[in-house]
Amino acid sequence: MVAFPEVSKIQYEGPDSKNPLAFRYYNPDEVVEGKTMKEHLRFSCAFWHTMRMNGADPFGAPTMLRPWDDGSDSIENAQKRVRVFFEFLEKTGLQYYAFHDRDVAPEGKTFAESCKNLDEVVKIFKEESERTGITMLWGTANLFGNPRFMHGAATSCNADAFAYAAAQVKKALEVSMELKAQGYTFWGGREGYQCIWNTNMKRETEHLAAFMHMAVDYAKEIGFTGQFYFEPKPKEPTKHQYDFDCAACINFLRAYGLDKDVKMNIETNHATLAGHNVEHEMEYAASQGFLGSVDANAGDMLLGWDTDQFPTDVYMTTKMMYVLLKYGGFTTGGLNFDAKVRRESFEPLDLFYAHIGGMDAFAKGLKNAAAMRASGEFDALLKERYASWDSGVGAEIEAGKHTFKTLFDYMMNKGEITPNASGRQELVENMFNRFMF
Ligand code: XUL
Ligand code: CO
């Protein structure tokens, strides 16, 4: 069966191409800063959006036209989706994929049946992965959709919900290992709370830590060497998610001794919901040694929720790629398009336009960022701005040679300080624009 007969493998045609089914910037084997674009960008596709998002919203019914999907919960239908998924990945040149256990296989009447269903579908993933060489970026478990997780999973007031979630993650780790996943992501779908009066916050956060420790321990036990990620999101579905932003997550990981085993999976739209932007979150995580992977998408600043749109803003992708290059690039992580086509873009072809656009936006961002770095202008500006730390008292403070007492004496002698050079924000923003056009 061919699901997308009108599309053949998407090719790079260069910036002048007007072909909507071609790349204008993403040239997989082109070398940028010593690595191919493919090696830098490590594009991944989210099964939950691309294969399962049906276009329903709180006001209306599904809209998506997916001729290969009979809409049933049968194993055959689930297996067929996987074949279609790989046709899509191959044609777009996406090298990786990610899924939640419940995206790919239907829940059974019992936990045992759900595990069996998952195995039936994972078989096809394995086959297709071996055929194509396309592998799993990270695995995860859906611990938020089923009503049993209404109060959360690891942070539920119901100990059985914790136990169920643990059993589910155990299985998801085994599946991830079988599919050679390079990582495993925790996104705490309902790990948070709505009302402080009915919530024992201390107990809930301790349970979350215990849960993550169990996952890390089990991974070690079975020899799963993938990187664990924690994905911040400040709200939605709960009002206060415990994984608010990178700073909150990293504090949690350090407080509970998980900092050696877990890094961050940063999502653009989650960053903006937290009142940050994605380059801030990436810079913060990377500077603390926690940059793991990126859920690449975009929000709409006029809407207050997680719209999960495809990223096309090259200003944003350039800033993201600048941080990535600065910190040496991805190792296990990648750019996972946690993004969905709009409800009105209901035809299968829209899935191609969406991913091509996202891939091109990052490829162009990568090239811009590399050019910025090659110019040395931004480094020079930073060097000059912080020059007072390179010699004299600045260098001495950094070397640990001072105390409040010695600095008191220093100021008594000096009397007053002279302002540093201008911050030059307007200049540097103009400089940035030069690389955009
Ligand atoms: C939800 C979200 C998730 C995680 C994986 O906002 O981003 O899809 O990426 O559970
Ligand atoms: Co995400």
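These figures come from a predicted structure and were not determined experimentally. One-based numbering, in listed order, for ligands and for the atoms of each. Below, all heavy atoms of this structure are taken into account, side chains as well, without hydrogens, waters or symmetry copies.
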Given the side-chain rings of Tyr184 and Tyr218, with only the six-membered ring counted for Trp, is the space between their centroids under 6.0 Å? no
Go through the steps to decide whether Glu76 and Lys80 satisfy the test salt bridge (charged side-chain N to carboxylate O under 4.0 Å, His left out), and finish with yes or no. CA-CA 6 Å; Glu76 293 67 38; Lys80 202 196 301 166; over 6 Å; no
Regarding Arg148 and the six-membered ring of Tyr164, is the cationic atom NZ or CZ under 6.0 Å from the ring centre and inside 45° of its axis? yes
Filter on salt bridge (charged side-chain N to carboxylate O under 4.0 Å, His left out), then keep only pairs touching residues 192-205, sequence neighbours left out; what's left? Lys202-Glu206
State plainly whether the residues Lys340 and Asp306 are in salt-bridge range, i.e. N to O under 4.0 Å. no
Sort by chain and number the protein N/O/S atoms that are closer than 2.8 Å to the Co ion (ligand 2), and list them. Glu231 OE2, Glu267 OE1, Asp295 OD2, Asp338 OD2
Checking His355 now: which residues fulfil ring-ring contact (aromatic ring centres under 6.0 Å, His included) with it, not counting sequence neighbours? Phe88, Phe310, Phe337
Who's touching ligand 1 if we go heavy atoms under 4.0 Å? Trp48, His100, Trp138, Trp187, Glu231, Lys233, Glu267, His270, Asp295, Asp306, Asp338
Establish, from distance only, whether the side-chain atoms of Asn297 and Asn269 form a donor-acceptor pair under 3.5 Å. no
Kindly say whether the aromatic ring centers of Tyr97 and Phe47 come within a distance under 6.0 Å. no
Can you confirm whether the side chains of Thr155 and Tyr193 place a donor and an acceptor under 3.5 Å from each other? no
